[in-house]
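First the structure, in the form of C-alpha cells, and then the observations on it.
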There are 2 protein chains.
Amino acid sequence: MDQSIIPDIIVGRIPLYLRELTRMAEEGKVITSSHELGRRLGISSAQIRKDLSQFGEFGKQGTGYNISFLVEQLRRVLKVNKVWNVVLVGVGDLGRAIAHYTGFLDRGFRITKVYDSDTQKIGQRVGDFTIRDVTLMVNEIRREKIRVAMLAVPASDAQSVTDLLVEAGIRAILCYAPVSINVPEKVKILYIDPVLHLQHMTYYLP
Amino acid sequence: MDQSIIPDIIVGRIPLYLRELTRMAEEGKVITSSHELGRRLGISSAQIRKDLSQFGEFGKQGTGYNISFLVEQLRRVLKVNKVWNVVLVGVGDLGRAIAHYTGFLDRGFRITKVYDSDTQKIGQRVGDFTIRDVTLMVNEIRREKIRVAMLAVPASDAQSVTDLLVEAGIRAILCYAPVSINVPEKVKILYIDPVLHLQHMTYYLP
DNA sequence: TAGATTGTTAATCGATTAACAATC
DNA sequence: TAGATTGTTAATCGATTAACAATC
C-alpha cells in the first residue's frame with residue numbers, strides 16, 4: 001500500500017462492499033472470495049481485489065477473506081467503527097421518514113437533533129425527537145461538535161441552510177433537495193434525487 | 001453524431017444538466033454557455049460540450065445554448081417529454097413520503113398505483129392513493145403496461161418483490177432497500193441508500 | 001501435494017481535458 | 001469587425017481487466 005491518495009471512485013465502492021459483507025455475515029457465512037463477492041455485487045473479482053488492496057492485505061491466498069475480519073477492517077477504513085452524531089434539518093414528509101428510520105445506528109450514524117423553521121412544527125415530536133428551532137442550530141452544532149448533517153428542506157432553502165451548516169462546522173452533508181449547492185472545498189456534499197435515477201433509466205426504455 | 005452506443009456515464013449526467021437548466025429557466029435566464037452551466041454544476045465546460053454533442057448540435061458558436069430549446073431536447077433524449085406511469089411498492093414511512101412527494105410529475109413521472117402486503121394497510125389511503133393488495137400487483141401492472149417501479153419494501157422482501165415486478169413487465173426499478181438485487185439484463189435497476197453516501201463521506205473526515 | 005485464491009504488474013480500455021478551427 | 005463560444009480532434013489522464021507468481 002503506497003502513500004498516494006486513494007481514488008474517490010474506489011472509496012465510494014467500499015461502503016457497498018461493507019454492506020454486502022455484513023449481509024453475508026448475517027447469513028452465517030464465515031469466508032468469502034473476491035469471486036463470490038463480485039458475483040453478488042455485479043463487479044469483477046479483479047476490481048474487488050484491487051480496491052481492497054488499496055487499504056491493506058486482508059485476504060489469504062488459496063482461502064479468500066475472513067468476512068468478519070474484513071468487515072472490521074472496512075469499518076475502520078470508513079471511520080464507521082464509531083458512531084457519528086448527525087443532525088437532520090427539515091421535517092416534511094421525507095424528513096419525518098428519515099427521523100423514523102432505524103437503519104442508521106448499526107452502520108455508524110445516529111441522529112441526535114432535528115430542526116425545522118416552521119413554528120407550527122417546533123416543539124412537536126417526530127419519532128424519538130423534539131423538533132427544534134432552526135435558529136438554535138448553529139450554536140448547538142458548534143457546542144456538540146457535530147460534523148455530519150442530512151438536509152431535507154425545500155430546494156429554495158437548501159443553499160441558505162447549507163451556509164449555516166458550514167458556518168457551524170458541519171463537514172459532510174447529505175442533501176435530499178433536488179438542487180446543486182455550493183460548499184467550500186473542505187466540506188463534502190452528496191445528493192439524493194430519485195428523479196435523476198428515474199430519468200437515467202428511462203433513457204434506455206423503448 | 002455517430003451511431004455508436006453512448007457511454008452510460010454520459011447518459012447519467014444528462015438528468016443533472018436537465019435539472020440545472022430547468023432551474024435556470026425558472027430564474028428567467030434565456031441563454032447559457034457550457035462555462036456557466038459547468039460552473040454551477042462543478043463540471044468542466046469541455047465535458048459538458050462533449051456530453052451534449054453526443055446527442056446533437058444544440059448550441060450556437062459565439063452565443064451558447066438557448067435554455068428552453070436545450071431543455072426540450074434533453075427531455076426528448078431522456079424520454080421524459082411524456083409522463084411515465086409508476087408503481088410504488090411498500091408503504092412504510094419512506095413509501096408514505098414518496099407517495100406524498102409532488103416533485104415527480106413535472107419531471108416525467110406519475111405514481112398511479114401503490115401496493116403493500118400488510119392487510120392492516122390495504123384499503124387505507126396514502127396521499128391520493130388507496131393502498132392496494134400486492135397480490136393484485138402483477139396482473140394490474142401487466143394490464144396497464146407499466147414499465148417503471150419504485151421499491152420501498154424491507155430488505156428481506158426486496159428480491160422476491162423484484163421478481164414479481166420483472167414478471168409483470170417492469171423494466172426500470174428504483175430500489176430504496178439497502179441490498180443488491182439480481183435482475184435480468186433487460187431490466188434496469190438503480191439504488192438509493194443514504195448510508196452508502198454517509199460512509200463515503202466519513203472516509204474523508206478527521 | 002493439488003487446487004484455489006490473493007495481491008500486483010502490465011496491458012487494455014475508456015473518460016476527461018486541452019486546444020483550436022469554425023462561425024455566430 | 002472583434003469577441004465569444006461551440007463542436008471536435010488529439011493528447012492526456014485514470015480506471016479496469018487480464019494474467020500470473022506467490023502461497024495458503
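Sequence lines set the chain letters: A, B, ... in the order given, protein chains first and strands last, and positions in each chain run from 1.
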Inset, instruction - Run through Leu190(B), Ile173(B), Ile189(B) and flag the one making a side chain to side chain contact (heavy atoms under 4.5 Å, CB included) with His197(A). - result: Leu190(B)
Legend entry - Short side-chain N/O contact to dT17(C) OP1/OP2 from Ser44(B), under 4.0 Å: yes
Legend entry - Spacing between Gln54(B) atom CD and dT6(D) atom P, to the nearest angstrom: 16 Å
Inset, instruction - Check the surroundings of atom NE2 in His35(A): do more than 12 heavy atoms from other residues, nucleotides or ligands lie under 6.0 Å from it? - result: no
Inset, instruction - State whether Arg13(A) places a side-chain N or O below 4.0 Å from either non-bridging phosphate oxygen (OP1 or OP2) of dT16(D). - result: yes
Legend entry - For dA22(C), the Watson-Crick or wobble counterpart (both distances under 3.5 Å): dT5(D)
Legend entry - Between P of dT23(C) and CZ of Phe58(B), the distance in whole Å: 19 Å
Inset, instruction - By nearest nucleotide on DNA chain D, pick out whichever of Asp51(A) and Thr32(B) is the more 5' one. - result: Thr32(B)
Legend entry - Interatomic distance where NZ belongs to Lys60(A) and C1' belongs to dA4(C) [whole Å]: 15 Å
Legend entry - DNA chain D: 5'-proximal contact among Lys50(B) and Ser45(B) (nearest heavy atom): Ser45(B)
Legend entry - Rounded distance in Å - CZ (Arg49(A)) to C1' (dT17(D)): 10 Å
Legend entry - dA4(D) OP1/OP2 closer than 4.0 Å to side-chain N/O of Tyr65(B): no
Inset, instruction - Say whether Asp193(A) and Tyr176(A), considering side chains only, have a donor N or O and an acceptor N or O under 3.5 Å apart. - result: no
Legend entry - Sugar-phosphate, base or nothing in reach of Ser34(B), heavy atoms under 4.0 Å: sugar-phosphate
Inset, instruction - Identify which nucleotide among dA18(D), dA15(D), dG7(C) has an atom closest to any side-chain atom of Pro7(A), counting heavy atoms from C-beta outward. - result: dA15(D)
Inset, instruction - Before giving the answer on side chain to side chain contact (heavy atoms under 4.5 Å, CB included), spell out for Arg132(B) and Glu140(B) the whole-Å C-alpha distance, their side-chain angles and the decisive distance to 0.1 Å. - result: CA-CA 10 Å; Arg132(B) 307 178 66 76; Glu140(B) 293 182 353; 2.5 Å; yes
Inset, instruction - Respond yes when some side-chain nitrogen or oxygen of Gln47(A) is under 4.0 Å from OP1 or OP2 of dT16(D), and no when none is. - result: yes
Inset, instruction - Nearest whole angstrom, please: distance from the C1' of dT6(C) to the CG of Leu37(A). - result: 14 Å
Inset, instruction - Measure the distance from CG on Asn66(B) to C1' on dT5(D) and round it to the nearest whole Å. - result: 15 Å
Inset, instruction - Using whole Å, report how far CD of Gln61(A) lies from P of dC24(D). - result: 6 Å
Inset, instruction - Kindly check if the number of other-residue, nucleotide or ligand heavy atoms within 6.0 Å of NZ (Lys82(A)) is above 12? - result: yes
Legend entry - Watson-Crick or G-U wobble mate for dA10(D), both contacts under 3.5 Å: dT17(C)
Legend entry - Of the listed nucleotides dC24(C), dG7(C), dA15(D), the one nearest the side chain of Thr63(B): dC24(C)
Legend entry - Interatomic distance, Glu36(B) CD vs dA4(D) P [rounded to whole Å]: 15 Å
